[in-house]
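Right, one structure below, let's go through it.
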Protein chains: 2
Amino acid sequence: MNITLPKMKNCSDCPIRYNAVCSKCDEAELSELEEIKYYRTYDAGQTIFFAGDDLEFVGSIVSGVASLTRTMPDGRVQMVGLLLPSDFMGRPNRTTIESDIVAETDVMLCCFRRRPFEKLIESTPHVGQRLLEMTLDELDAAREWMLVLGRKTAREKIASLLSMIAMRTASLQMRKPTEGTEFILPITREAMGNYLGLTIETVSRQMSALKKDGLISFDGKRQIIVPDLEALLAETGDDSDGGFLN
Amino acid sequence: MNITLPKMKNCSDCPIRYNAVCSKCDEAELSELEEIKYYRTYDAGQTIFFAGDDLEFVGSIVSGVASLTRTMPDGRVQMVGLLLPSDFMGRPNRTTIESDIVAETDVMLCCFRRRPFEKLIESTPHVGQRLLEMTLDELDAAREWMLVLGRKTAREKIASLLSMIAMRTASLQMRKPTEGTEFILPITREAMGNYLGLTIETVSRQMSALKKDGLISFDGKRQIIVPDLEALLAETGDDSDGGFLN
DNA sequence: CGGTCTCTTGAAATGTGTCAAAGGCCGTGG
DNA sequence: CCACGGCCTTTGACACATTTCAAGAGACCG
């Protein structure tokens, strides 16, 4: 899954300028950041960090999708986070990382070496405040996911994942999500299974079942068409349109 | 499950002074906090906030245990967080709360009305910095739990929960956890099930199985004795002593 | 056009849930 | 002091969803 990487020179051109950890920064703060930032790119499938690695840098996803996964000694894998453009990767004040971080698609990162970034948090409050907000949002998302993992059926899990991606895609495109939506699944069946705590066979079966019931259809393996998002949301087990639509 | 509530007048007597959101504050900052703080107590079983409630205050757990739970429309329940002494409850910059918060034991809170606290975060950086640290730790814990929920068997789930509580108890008592430990389970079987994504019957069966295998024994229903913590850890499916022991 | 990888589908195995009943603990009231 | 009722927990039998094991289909690439 190749995605053209944005070409940029400075922060004002940056596609995630108003969503990333730097979004609250004024011009002065931004130029401080600009001095220490650097870009890195990864190909789909490449591992950005291995669990246990020294966390030499932190940064923002500029484009692409990366996953955080934990692996048990016997090989069972659970995805514990999905990093999308503008999401922050790594954490200050921690020298090692405890999950693998893998580029699910081609990924471009805006990086800061960890130490200088930590100092920057102390000196420029807006970065710390924004990072707190983003971390709280991630915590909410993680908790939402705990409900999915702990209590939902396989069909509800798949519907939840597809709805989440559909909602996000629709909102990026500034469209009312009520009518039909289509999007490209940025992850493989295996990644879906690892995200949802299911085997790939179960993922496949439930995808087929949703298709048979007319809730989704495919265009190829990855392009998903959702003719009626509300109908799909009804399959998630959550409150109908649980606050998403309005 | 009753716990005697600490009697205090000011922050310097506070049992969580060096762990809570205020732990980085100097004297000046502390007296600012002191002016706006107030205490509240709840009986075991009482709900502190209902999902959807207006978040009028935030605060720290001074003593006791509270849980965060989400409930699906059909009644399925998943616990998404367990708040222990010094943990922070609520979040700044969010007007409503999306989980129920329930006192699992008698609970004492140190509260701040939300608005003044939000202002305080902007003015006293140490509070915000500490809150960021604590939130990042919670996020790590939530991710750890996603692995438990998504990929572990019932037996491994129970072993993970018991190990976690045993480790924490041992470290509070400043004891090497290697040899025997005993502790009081602060939660009911139902709460265990809700935490682990299991029914109470499965919890009960697995507890019995662990007992039959000599990994734990009971003294009453709630007092748990762990003769050999490493043996219990080996049942969690994680790396043997995964960084906990040292 | 053969090889590899991902995905789909089928049949059987199994772990956990569901339904049901009984046991233990504890406070209340006779 | 004992009996009663309520609540939490345990245990059993059976049902069922998901996993496991296995084979085949489809897509992509050299």
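Throughout, protein chains are lettered first and strands after them, A, B, ... in sequence-line order, and every chain is numbered starting at 1.
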Protein-nucleotide distance ([X], atom [atom1]; [N], atom [atom2]), rounded to Å:
X	N	atom1	atom2	result
A:R76	D:dT19	CZ	P	12 Å
A:L210	C:dT8	CG	P	12 Å
B:Q206	D:dG12	CD	C1'	15 Å
B:M207	D:dT11	CE	P	11 Å
A:R189	D:dG26	CZ	C1'	13 Å
B:I158	C:dT16	CD1	C1'	12 Å
A:R155	D:dA17	CZ	P	12 Å

Any side-chain N or O of B:S204 under 4.0 Å from OP1/OP2 of D:dT11?
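No, outside the criterion.
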Could you grab the distance from atom CG of B:L82 to atom OG1 of B:T69, nearest 0.5 Å is fine?
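One finds 11.0 Å between CG of B:L82 and OG1 of B:T69.
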Can you give the donor-acceptor pairs under 3.5 Å from side chains of residues 206-216 of chain B to other protein atoms, not counting sequence neighbours?
{"from": "B:S208", "atom 1": "OG", "to": "B:S204", "atom 2": "O", "distance (Å)": "3.0"}
{"from": "B:D213", "atom 1": "OD2", "to": "B:R155", "atom 2": "NH2", "distance (Å)": "2.2"}

Should [X] and [Y] count as an ion pair when the cut-off is N to O under 4.0 Å?
X	Y	result
A:E138	B:R143	yes
B:R94	A:D140	yes
A:R70	B:D238	no

Identify the pairs formed between an N or O of the protein and an N or O of nucleotides 18-22 of chain C at a distance under 3.5 Å, and give each distance.
{"from": "C:dT18", "atom 1": "O4", "to": "B:R205", "atom 2": "NH2", "distance (Å)": "2.8"}
{"from": "C:dC19", "atom 1": "N4", "to": "B:E201", "atom 2": "OE2", "distance (Å)": "3.1"}

Using the side chain to side chain contact (heavy atoms under 4.5 Å, CB included) rule, pick out the option among B:L229, B:T181, B:L232 that qualifies with B:L162.
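For B:L162, the side chain to side chain contact (heavy atoms under 4.5 Å, CB included) test succeeds with only one of B:L229, B:T181, B:L232, which is B:L232.
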Does B:G197 reach a base, just sugar-phosphate, or nothing at all? Heavy atoms under 4.0 Å.
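Result for B:G197 = sugar-phosphate.
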Hey, which of these two, A:R151 or A:I200, hits DNA chain C nearer its 5' end, going by closest nucleotide?
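Taking each residue's closest nucleotide, the earlier one in sequence belongs to A:I200.
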